Amino acid sequence: MKNQSITIFDTTLRDGEQCPGASMNLREKLEVARQLARLKVDVIEAGFPVISDGDFASVQAIAREIKGPRIAGLARCVAKDIDAAGAAVKPAGKRGRIHVFLATSRIHREFKLGKARDEIIRLAVEGVKRAKTHVDDVEFSPEDGSRTEPDFLIDVCQAVVAAGATTVNIPDTVGWAVPDQFGALIRQLHESVAEFKSGRAVISVHCHNDLGLAVANSLAAVRNGARQVECTVNGIGERAGNASLEELVMTLKTRGDFYGGLHCGVNTREIVKSSRLVSRMSGLVVQRSKAIVGENAFAHSSGIHQDGILKKRETYEIMDPRDVGWGGTELPLTKHSGRAAVAARLKHLGFKMTDGDVQAIFARFKEIGDKKKFVYDDDLTALVEGQITEVPETWTLEYFNVTSGNRAVPTATVRLRKAGAKEAVTDAGTGDGPEDATLKAVDRITKTKGILIDYALRAVSQGKDAMGEVTMKADFGGGDLVTGKGASTDIVEASARAYLNAVNRHLSESNGGEAPRKKPAQA
Ligand code: KIV
Ligand code: ZN
């Protein structure tokens with residue numbers, strides 16, 4: 001029987017993380033990888049090991065800890081990249097994969113690489129062979145594959161498969177493809193390369209969303225012989241992002257009638273949880289109307305729709321929201337809940353916490369519990385997020401006070417303490433609003449000056465007493481965007497915490513901590 005199983009290759013931690021300002025630290029990546037394992041993706045592309053010590057360490061840690069999915073590391077067709085990827089995925093043993101890539105399109109060959117076709121094939125084959133000395137499972141990507149001349153693309157596929165590649169991934173690197181044409185290209189490759197036809201090697205696709213067609217192109221590809229799709233949670237990634245995992249998976253599931261038996265092993269009930277975790281860890285807010293995982297995805301506002309839903313859900317709902325993990329919240333905690341109850345709920349939510357973490361979260365939980373009646377799972381998750389960003393806390397917030405009003409000059413007094421210092425530092429600032437004044441006071445104390453590039457505030461849970469979660473991106477000079485996150489029932493405090501988180505991240509990076517990561521230029 002024909003193989004109808006689609007391999008879900010998740011690249012949230014690699015391509016997703018390449019999105020400006022989305023970079024995550026080791027602990028954040030591990031939390032995401034644990035959730036991807038619960039989601040039951042088949043492959044986790046954990047990073048690009050040669051790019052920085054931080055990337056190497058996180059791929060290695062994920063390869064060491066995560067059981068179940070295959071763990072892939074990305075490499076250019078360059079010996080040092082491939083060896084770094086081999087070493088990083090080694091702890092995953094037989095589940096380790098090296099993903100090597102080299103551009104093949106004419107425009108990349110002529111203008112970026114300055115190499116002729118035969119030289120490209122030689123480098124690709126060498127790269128695959130070197131990767132084979134580390135692992136059995138080698139994937140090759142002809143970068144800009146969708147814009148590569150089909151006859152040359154077939155030659156490349158044949159050569160890398162003969163050299164030992166077990167998967168050949170056709171990237172639509174710049175999101176140029178359209179579904180009918182891309183489907184036809186995949187069909188042509190499937191028919192022309194014997195190993196694809198026989199199933200000895202797998203065709204994969206990796207579609208970017210520049211024209212909003214990443215999911216449509218990926219689905220056209222699977223209808224034409226691709227058996228692996230590369231995607232990210234919430235569709236995050238370079239520029240307009242990658243194909244969204246949740247949209248792909250739910251289309252295959254919901255429209256099984258059309259996709260005739262094509263299926264994957266993803267546990268769809270973990271989708272919403274994964275989406276929220278990735279949003280929090282990456283600082284990339286999900287738009288309300290985003291399919292499957294946006295706040296409004298299952299919200300019916302028109303009376304006619306609500307009436308229909310009450311009579312028969314399927315009149316206006318093509319998916320059961322519970323199938324993707326909406327609803328079903330546990331009983332909320334209250335200020336009377338003890339440490340053990342909080343620890344048990346954290347465990348239930350899937351967080352791996354040390355006693356020290358639980359203690360710190362419990363202290364914040366008590367503060368929040370005093371201010372609001374119920375502490376929901378989402379509130380608790382927001383507190384965890386603050387705890388695991390693991391940014392060295394050079395400065396901590398001790399106190400702030402703001403005066404504001406439509407006829408007053410907003411003024412903030414802020415007291416911060418520097419790590420290890422006996423004395424706290426207090427200063428004041430004025431601004432065009434209470435947040436602006438607070439952030440200016442923080443700048444005066446920390447002697448930094450961040451320019452806010454992006455700011456988003458969302459209610460973590462429901463009700464007027466809901467916690468507000470602020471995600472912001474600030475530029476501290478040199479164009480390096482730093483993300484900061486903070487949560488509180490008071491939105492000025494949430495903003496102050498988010499900004500301080502960004503300041504601390506910036507200070508740790510400039511003091512030789514985690515270096516800002518950039519994709520290296522092509523070899
Ligand atoms: O978009 C792209 O071409 C990539 C490759 C590295 C697969 O991300
Ligand atoms: Zn990509």
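Since the model is a prediction, treat every value here as computed from it, not as a measurement. As the structure lists them, so they are numbered: ligands from 1, and atoms in each ligand from 1.
- Within the sub-2.8 Å shell of the Zn ion (ligand 2), the protein contributes these N/O/S atoms: Asp15 OD2, His206 NE2, His208 NE2.
- With ligand atoms numbered from 1 in the order given, ligand 1 contributes 3 (O) to contacts under 4.0 Å with heavy atoms of Glu143.
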Derivation of the salt bridge (Lys or Arg N to Asp or Glu O under 4.0 Å) call for Arg109 and Glu149: CA-CA 12 Å; Arg109 292 194 315 264; Glu149 307 89 314; 2.8 Å; yes
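- Note: no N/O pair closer than 3.5 Å links Asp144 and ligand 1 by distance alone.
- For the pair Asp15 and ligand 1, the shortest N or O to N or O distance falls below 3.5 Å.
- The pair Arg122-Glu119 meets the salt-bridge criterion, with a side-chain N (NZ, NE, NH1 or NH2) lying under 4.0 Å from an Asp/Glu carboxylate O.
- Counting only N and O atoms by type, the side chains of His206 and Asp172 include no donor and acceptor under 3.5 Å apart.
- Taking 4.0 Å as the cut-off, Arg14 counts as a neighbour of ligand 1 on heavy-atom distance.
- Between His99 and ligand 1, no pair of N/O atoms sits closer than 3.5 Å.
- Between Arg458 and Glu295, at least one side-chain N (NZ, or NE/NH1/NH2) sits under 4.0 Å from a carboxylate O, which counts as a salt bridge.
- Interface atoms of ligand 1 facing His208, defined by a heavy-atom separation under 4.0 Å, are 1 (O).
- Salt-bridge formation is not detected for the pair Asp42/Arg97: no Lys NZ or Arg NE/NH1/NH2 atom is positioned less than 4.0 Å from an Asp or Glu carboxylate oxygen.
- One finds a salt bridge joining Asp357 and Arg27 here, because a Lys/Arg side-chain nitrogen approaches an Asp/Glu carboxylate oxygen to under 4.0 Å.
- Checked for salt-bridge contact, Lys273 and Glu246 miss the test: no charged N lies under 4.0 Å from a carboxylate O.
- Remark: Glu270 does not engage Lys40 in a salt bridge, criterion side-chain N to carboxylate O under 4.0 Å.
- Put simply, CG on Leu74 and OG on Ser141 are 7.5 Å apart, with the number rounded to the nearest 0.5 Å.
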